[in-house]
Amino acid sequence: MPELPEVETARSLIADEALHRRIVDVDDSDTFVCRPHFPGELQDALTGRTLTAARRRGKALWCETSEGGPDLGIHLGMGGRIVVTTGDGRAAEGGGPRRSDAQPRRAEWDRFTLKFADGGSLVLFDKRRLGRVRLNPRTDALGPDAAEVTPAEFRDLITRGSVAVKARLLDQSRIAGVGNLLADEILWQARVSPAARTGSLGRADADRLYRALGAALDSAIAKGGVHTGDVIEARHPGGICPRCGAEMRHGTVGGRSTWWCSREQVAQG
Ligand SMILES: [Zn+2]
């Protein structure tokens with residue numbers, strides 16, 4: 001599942017490589033990926049326009065279009081990637097991590113394509129077909145973006161109520177962009193138990209979590225995804241905390257598979 005860093009690499013790729021190029025054709029024939037739009041609907045709405053800006057809030061990604069056109073929303077699904085090709089055929093990719101066992105690109109896994117007047121293209125490449133393309137996606141139910149939330153906003157959202165802190169981090173209506181791996185990384189970096197109740201966290205805990213959030217996001221964006229986090233490789237039976245050497249524990253917190261250090265992430269009370 002892409003989290004904020006993967007979506008950000010796709011957004012910055014589009015911003016760097018795909019803006020202000022005239023769209024001359026659109027392949028929106030995949031009725032599953034493009035639902036609820038009919039074949040041709042995206043083509044009619046986008047042909048002749050350019051993408052003018054690439055925006056992101058949490059895991060939501062969308063492009064603004066010229067001449068007052070609709071926003072083009074692109075959801076990467078579980079492992080989708082954006083591939084932008086120049087007029088002379090040079091391709092650049094962004095989005096979900098390219099796995100070491102990745103198979104070469106196949107045309108049938110191109111789920112949605114914008115063709116540009118210069119001969120290049122923007123493609124949603126998604127082998128698993130869980131991505132989604134739609135016009136004017138709604139983003140108003142999302143909380144502040146995890147990369148832009150202020151310390152005061154974060155302190156407020158992470159210390160109110162009485163839910164497991166991990167569940168709060170995953171609640172996209174409170175803070176947008178943190179998924180399962182990133183939540184485990186942030187909690188481990190801050191030495192906070194995933195099961196700690198939000199109401200039990202003090203200012204020092206909140207500020208430590210805030211710093212861990214910023215550091216984890218910066219690192220994951222720089223290294224290409226949340227799978228590069230320091231504790232991610234220890235998320236398996238027999239895993240050892242890479243900081244203190246204690247055994248990693250496993251359980252379900254906030255409805256998700258969760259790993260934490262048995263020594264450093266102990267719930268208070
Ligand atoms: Zn530890």
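Not measured: the values here are computed from a predicted model. All ligand and atom numbering here is 1-based and tracks the order in the structure. Quick note: numbers below take in every heavy atom, side chains included, and nothing from hydrogens, waters or symmetry partners. Numbers here simply count residues along the sequence, with the first being 1.
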Worksheet item: Less than 4.0 Å between a side-chain N and a carboxylate O, is that true for Arg129 and Asp30?
Response: yes
Discussion item. With a 4.0 Å cut-off on N to O distance, would you call Glu3 and Lys59 a salt bridge?
Written reply: no
Item to complete: Before accepting this row, confirm whether a basic side-chain N of the pair Arg208/Asp205 lies closer than 4.0 Å to the acidic partner's carboxylate O.
Response: yes
Worksheet item: Do the charged groups of Lys166 and Asp184 touch, with an N to O distance under 4.0 Å?
Response: yes
Item to complete: Mark yes when over 12 heavy atoms from residues, nucleotides or ligands other than Arg128 sit less than 6.0 Å from its CZ; otherwise mark no.
Response: no
Discussion item. Between Asp207 and Arg211, does any NZ, NE, NH1 or NH2 come within less than 4.0 Å of an OD or OE carboxylate oxygen?
Written reply: no
Item to complete: For the Zn ion (ligand 1), report each protein N, O or S atom nearer than 2.8 Å, sorted by chain and then by residue number.
Response: Cys241 SG, Cys244 SG, Cys261 SG, Glu264 OE1
